[in-house]
Every structure is written in C-alpha cells, then in structure tokens.
Amino acid sequence: MSDTETRDFIRQIIHEDLESGKHDEIVTRFPPEPNGYLHIGHVMSICLNFGVTVETSGRTFLRFDDTNPAREDEEFVNAIERDVRWLGFDWQDRLTHASDYFAQIYAAAESLIEQGLAYVESLSAEEMREYRGTLTTPGKNSPYRDRSVEENMDLFRRMRAGEFADGEHVLRAKIDMESPNMNLRDPALYRIRHVSHQNTGDTWCIYPMYDFAHTMSDAFEGITHSLCTLEFRDHRPLYNWFLEQLQPEHLPRQIEFSRLNLAFTITSKRKLKALIDDGVVSSWTDPRMPTIAGMRRRGYPPAALREFVKRAGVTRKDKLIEMGMLENCIRESLGDSVERRMAVLRPLKVVLTNYPEDQVEQMQGMNHPNNPDRGTRSLPFSRELWIERDDFMEDAPRKFFRLQPGGDVRLRSAYIISCDEVIKNDAGEVIELRCSYDPDTRSGTGSSERKVKGTIHWVSAAHAIDAEVRLYDRLFTVVNPNLADDYREVLNNASLETVQAKLEPALATLDQDTTVQFERLGYFRPDSEDDTANARVFNRVVTLRDSWAKLEKQAMQGM
RNA sequence: UGGGGCGUAGCCAAGCGGUAAGGCAUCGGGUUUUGAUCCCGUGUACCGCAGGUUCGAAUCCUGCCGCCCCAGCCA
C-alpha cells in the first residue's frame, strides 16, 4: 500500500483492533451458500475477506453455508472452490461448512431452551406470519410462547428424533414480538426438513436457520470480524443477542458494507439462473455472465478483477459502477502483458495487381510494439489479402483515414497500398478491392520516407486460417436491469455475435490459455469449452478503446 | 405511517472542526506503422436542502427531502 492510498473504514477498524491489542490476529470468513455460482458481487467480498488477512498475516475460512439441503448442490461447491482459487486466494486447511458445527449448534439451541430463551412453536407458517404483525404494527405473542422449559426440551428433542413432519413445529428464539426490528420478533432457529444433506446425510432432520447457524459458526471458528453486506444490518442485534445469551469463548464483530452493482448487469443468483433456464445464455459459464466462471472463460484476468474491486472501494453507499471501469481494468492488465497478432473479423478481399502472382514474402510482426525484446513472428504476405470491411469506405468523411477509392493506407508491418478499383456484385455490394502496393515502403527497411495517415491490419488470403470468433456485448439495454419488472423486456438481443474470421497462421498453434491482442480490434482468447486444434473458437475479451467509434457515435447523435 | 442504512463532480472515492486528495470517464494537446498504448494539460463539486453552534463546518447540533433494505419454517 503506497502513501497516497487510504484505508477503507473496515480496514481502519481492523488496524485499530490490532494496534489496541484487542486482537493479535485477524480472522475472517467468506461464507457462500452453495446454491449457485459466484459472481462479480462476490468478488468484492472475497477480496475483502481474504485481502485483509493477507495484509495482516491473519487467517480466512472458506465456509460453505449449507444449512438448507433442499437447494444446495455439490456442483456449486466445486465451482466456488475453483473460483476463489482462480481469483488468487488460498484458504489452506480452512475449508469448513456450517454443517461441520451442526452438533454444537444443536447444543447451543438446547442451552437457549434451558435458559428459557427459546420455545417450540406449533403454529403453522401462515399463522406465524399473522402473529408477526407488519412493518408498522407490532406482532403478538404465540399461544405456545409460554411452554415450560421441560415441554420445550421434550418437543425439540422429538423434533430432532424425527417424530414430526416437516412444518409441524419450529424452534423460535423468545425475544420481543413488538420489536420494531422484524428480526427480533421471535425469529425461527430450527425447522424440520426430512431431506438428506450433502454432507451429513440423514443424520439430521432439523436444520438451523441462517442467523443462528451463521453467528454460532463465526464464534466457533474464532472469527474476529464478520464482514457482510448491508442488508444484514438489521440482523446485527440478533447476531449480538445470540452471542450475549450463549457467551461463546470468541466474540466476533459483524460489520456491514454495501454491495457492488455493475451497470448493465444483474447480480442476483435467482435471476442469473433464470437466464440459463430461459436459454438466454448457455450456462453459468457463458462468457456474457457476470459470474466468476463466465468472466474467466471470457478471458478477464483475475488481477483485473482484483484491481476493479479495489478501485470500487469498500463503503456503505449503494454503488452502481460503470462498465467502463471494469473494462479499463481489463485493458490495463492485458495491454502490457499480452502479445499482438492480426485477425480479420469481417473479411474484404484485396488483390494487389502489381504484386507477382506466386510470390510470398515473410514480413516480421512485432509481438509487442512497446517492447521489442518480445521478438517478432513471420507474417506471410502475398498477392491476395483480407482486410477488415470497416477499413474501407466508398464515401469517406474527411476525417476517415483508412482506405478509400484513390486513397492509400499502410498495411501494418508491410507495405503502403493504394486503392485503384472497387469491384461490386450485382447487388451493388463491394466484394473486392484492386490495389497496388509501393515496393519501396516495406516495413522496417526505412527505405522510404513516405508517410500515410492510416494503418490497417490484414491477413494473407492463401495463408489465413478460418476460425469462429464470438463478439460479446452487455446482456441488458438498461443501466440497472435489477429494477426491471421483467428482465426479458430489457435484454440486449445482440449480446452475442458470431463471425467467421480469417486469422494469421501463427494463431493456429496458440495455446488455449493464452490471451492475445488482435491488433486494432481488442483482446481475444480461445474459448475453453468449444475451441479445438482443428476448429479454433475465440472469445473477444474486450475491445480496444476506440476514439474513432466515439467520434462516429457523436456524429450520429449530432444528426 | 415502524425500524435500519445512505446522500462529496457523469461513475467510484478520500476527508474524522481550519477552509474540497485520487481513480475512471470527459475535453484539449504531444508521441505513434494499432484512430491502441504512453505522455502532458483540463473540473468553479451551492460537499442532498434549510437553519444553528463556532473566529472558522463537508466535518458538530436541529429540522426537512431523496434513495436503498426489512413483514421466508431463504441466505
């Protein structure tokens, strides 16, 4: 951390606790429920929880909050572990589950009953809701609230023994049905679920609720700072109530921070799942998904994600961060590190009429323009080439400095060419350009002082390899799709465009886990699921910044 | 209409009583065989509003306004 950086409020608290001697070591936890894939919002929590302990030589637990066997699955725990590791964090031997503590949590529940602080409720769920009152009217006590300790204990043990059906009874904390804080209106502690659990099998048929299980798990693990999102602020009095009543050896402190929302995306597991179920995206790992797995497949580097959440900061204010912020982090992290290649996404044929029919020259392309030490690669050059359709305009505006009839342009790492003739089909579409090249302008020879304003990329037609390239755009058309009543109404139907591209030959053997920049286009990476050696499939990670596109857009708006 | 949280430039965000850091975006300019990168420069932010305390307030007090969260036997 440099001098100019300041600590967020949570890190301030943590450092105060270390300096005051309140704690010798910081212990945190990342507690996902294994009922879906991790997304960009979780990246924030992961980086915070693991970040503060790498910074202070503390410890962080990866703890699965598996208290609801009805909706949790092994597929998700594997995905979560992979995602956290990929992001760059290590829990070492601290992989735990709330279910590891079921016996202790159960004992804590009996202790509450003994103290007269919990009772077995026999009202139905609907009745409980009626007794609970509303936001503005107090609730009223259940007729079962004053059962004796003995009766409660007996009933609870029989709940555990499996004598009752799902929903017949529930264990509740006895706090205050008139509390303005709904969480304190005798919250449920245990419910009956005759469902087998992925870790504990059929050992239990009663499962603890989140508030109880989470607080006790924090205490058992010796968590010093239990960091969670703002919607749990109202749960804190309950969290502290458990700690006060049960007096565990370690007393964790809950601190809340605001969630991170990304513009034009959703971060709700339920809605993300709907996208999959409705066939809008292919899976949790679809490169358009804001899931960690999706972003990994798309080609976002983990360091970029870490930098992104660092820039977003940790506060208590609602955030809706611009896509540009994330994209910029990705470009920054890829720009210096990744090699350049050439690829033509929407090919237009160019024939160099003054270039010998069967000649092939090997041009040398710099692997990185800002770093000559990274060497060069051979780029075969011949009479027929592919260039980008967008790099040619028949009626070009004055500021367009690519190719146009009668105009010239530099072919990157090769020659300057001039456009002599435009060939069209019967429909009037441009299908080929007849150009001539200037032999004195070969790249790197310095034999010509000739300068042109534009440089475009190209690929030799005879040497190009074919590939599928997938171009991604945002999934939604509105800045905050979370607000839409029905997400289907705000879907971007053009979030995926697939093109058949022409690639320079060196790309045929690119490692599947290597990202490259296609010059002038953006960063690309082989798709980890669909790419094969014989049929290459690339994903566009992110485009390059494009001030020409910006000018064009402004011109359009001015019209 | 109950309780809780939050309001500093387009988006984030420092600031913790002494007279508004920084990042991203924007807009200029320079370098450039990627309209990329890189390098310079660029913001009168009525610090949500209104009062008050103070020599002095974004920072303290009071009132108001706006946004978000809470009525699962979900987490």
Side-chain angles (χ1 to χ4, degrees), chain A residues 4-8 12 31-33 35 65 67-68 70-72 121 123-125 128-129 132-139 166-172 179-185 187-193 206-207 209-211 213-214 228-237 256 258 260 263 269-270 310-329 331-332 335-336 340 342 366 368-370 399-402 409-414 416 441 443-444 451-457 517-522 543-551:
Chain A
T4 55
E5 285 180 276
T6 51
R7 284 180 181 139
D8 57 68
Q12 283 181 32
E33 182 189 14
N35 69 338
D65 225 326
T67 57
N68 190 350
R71 52 182 231 171
E72 293 154 9
E121 174 63 271
L123 249 27
S124 69
M128 270 179 70
R129 192 183 327 121
R132 186 155 36 231
T134 69
L135 293 176
T136 52
T137 62
D166 287 8
E168 228 177 300
H169 303 288
V170 49
L171 184 73
R172 289 231 253 177
S179 172
N181 182 342
M182 300 297 287
N183 297 113
L184 265 20
R185 316 246 265 224
L189 263 30
Y190 265 92
R191 76 290 219 189
I192 302 170
R193 283 274 182 287
I206 58 172
Y207 294 96
M209 299 291 292
Y210 162 82
D211 286 295
H214 190 259
C228 62
T229 44
L230 228 36
E231 64 269 29
F232 293 103
R233 174 59 251 258
D234 290 347
H235 294 237
R236 197 159 87 202
E256 314 83 16
S258 60
L260 178 159
K269 278 191 229 173
R270 205 196 93 249
K310 182 179 171 188
R311 290 184 191 182
V314 179
T315 66
R316 298 171 70 86
K317 192 172 84 169
D318 293 345
K319 331 173 189 293
L320 182 60
I321 301 180
E322 293 171 340
M323 264 290 190
M325 184 82 88
L326 210 208
E327 292 180 340
N328 190 67
C329 290
R331 293 186 187 109
E332 253 179 54
D336 287 336
R340 313 285 116 131
M342 287 206 282
M366 301 248 297
H368 195 108
N370 304 142
K399 291 195 137 179
F400 183 84
F401 43 86
R402 279 115 89 170
V409 77
R410 164 137 238 142
L411 294 179
R412 169 125 250 229
S413 305
I416 291 174
T441 58
S443 201
K451 293 272 184 192
V452 289
K453 42 214 159 13
T455 298
I456 64 174
H457 57 277
Q517 182 194 104
F518 288 176
E519 289 200 88
R520 302 208 313 129
L521 296 172
T543 62
L544 251 31
R545 269 161 95 182
D546 189 346
S547 54
W548 168 250
K550 199 161 59 188
L551 279 176

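A, B, ... follow the sequence lines: proteins, then strands. Residue 1 opens every chain. All values below were derived from every heavy atom in this structure, side-chain atoms included, with hydrogens, water molecules and symmetry-related copies excluded.
Under 4.0 angstrom from either OP1 or OP2 of B/A36 there lies no side-chain N or O belonging to A/R331. Checking the phosphate oxygens (OP1, OP2) of B/G4, no side-chain nitrogen or oxygen of A/R233 falls inside 4.0 Å. Taking 4.0 angstrom as the limit, A/R236 places none of its side-chain polar atoms (N or O) nearer than this to OP1 or OP2 of B/G4. Distances shorter than 4.0 Å separate some side-chain N or O of A/K550 from OP1 or OP2 on B/C27. One finds no side-chain N or O of A/T136 lying less than 4.0 angstrom from the OP1 or OP2 phosphate oxygen of B/U1. Of the side-chain N and O atoms in A/R132, one or more sit less than 4.0 angstrom from OP1 or OP2 of B/G72. At the phosphate of B/C70, neither OP1 nor OP2 sits under 4.0 Å from any side-chain N or O atom of A/N181. A/R311 has no side-chain polar atom (N or O) that falls below the 4.0 Å cut-off from OP1 or OP2 of B/C24. The side chain of A/R71 places no N or O atom within less than 4.0 Å of a non-bridging phosphate oxygen (OP1 or OP2) of B/G72.
The A/R545 side chain lies nearest to B/U37 when the options are B/A13, B/U33, B/U37. Side chain of A/R412, nearest nucleotide from B/U34, B/C74, B/G35: B/U34. Considering only side-chain atoms of A/E519, the nucleotide from B/C68, B/C74, B/U34 that sits closest is B/U34. Nearest to the side-chain atoms of A/R191 among the listed nucleotides B/C74, B/U37, B/C70 stands B/C74. Nearest nucleotide to the side chain of A/W548, out of B/A14, B/G35, B/A36: B/G35.
Using a 4.0 Å heavy-atom cutoff across all strands shown, A/Q12 reaches at least one base atom of the nucleic acid. Nucleic acid contact for A/L320: sugar-phosphate only, since backbone atoms but no base atoms lie under 4.0 Å from a heavy atom of the residue. Looking at heavy-atom distances under 4.0 Å, A/D65 makes contact with sugar-phosphate atoms alone, never a base. A/R340 comes within contact range of at least one nucleobase, with a heavy-atom separation under 4.0 Å. Base contact: A/F400 has a heavy atom under 4.0 Å from a base atom. Nucleic acid contact class of A/T67 (heavy atoms, under 4.0 Å, all strands): sugar-phosphate only. Here A/Y207 lies out of heavy-atom contact (under 4.0 Å) with every strand. When heavy atoms are screened at a 4.0 angstrom cut-off, A/G167 is found touching base atoms of the nucleic acid. Within 4.0 Å of A/L123, counting heavy atoms only, lies at least one base atom of the nucleic acid. Residue A/Y190 is out of contact with every strand shown, counting any heavy-atom pair closer than 4.0 Å. Within the nucleic acid shown, A/S124 comes within 4.0 Å of at least one base atom, counting heavy atoms only. At a threshold of 4.0 angstrom between heavy atoms, the contacts of A/A125 include nucleobase atoms, whether or not backbone atoms are also involved. When heavy atoms are screened at a 4.0 angstrom cut-off, A/L230 is found touching the sugar-phosphate backbone but no base atom. Nucleic acid contact class of A/L135 (heavy atoms, under 4.0 Å, all strands): base.
For B/G52, the O4'-C1' to base torsion is more than 90° from 0; the nucleotide is therefore anti.
A side chain to side chain contact (heavy atoms under 4.5 Å, CB included) with A/I456 holds for exactly one of A/M342, A/R412, A/R402; it is A/R402.
We find that NZ of A/K451 is positioned 9 Å from C1' of B/U32, with the value rounded to whole Å. Whole-Å rounding puts the A/K453 NZ to B/U34 C1' distance at 17 Å. In this structure, the CD atom of A/E327 is 15 Å from the P atom of B/C24, given to the nearest Å. Straight-line distance from the CZ atom of A/R316 to the P atom of B/A14: 13 Å, rounded to whole Å.
With centres under 5.5 Å and a plane angle under 30° as the test, the ring of A/Y210 is not stacked against the base of B/A75.
A donor N or O paired with an acceptor N or O is not found under 3.5 Å between the base of B/G35 and the side-chain atoms of A/D546. Between the side chain of A/R520 and the base of B/G35, no donor-acceptor pair of N or O atoms lies under 3.5 Å. Residue-to-nucleotide contacts include a donor-acceptor pair under 3.5 Å from the side chain of A/E322 to the base of B/G10. Judged by atom type and distance alone, A/T455 does not reach the base of B/U34 through any side-chain donor-acceptor pair under 3.5 Å.
Here the shortest heavy-atom pairing between A/R311 and A/N328 reads NH1-ND2, 3.5 Å.
Base pairing annotation: B/C6 forms a Watson-Crick or G-U wobble pair with B/G66, both donor-acceptor distances under 3.5 Å.
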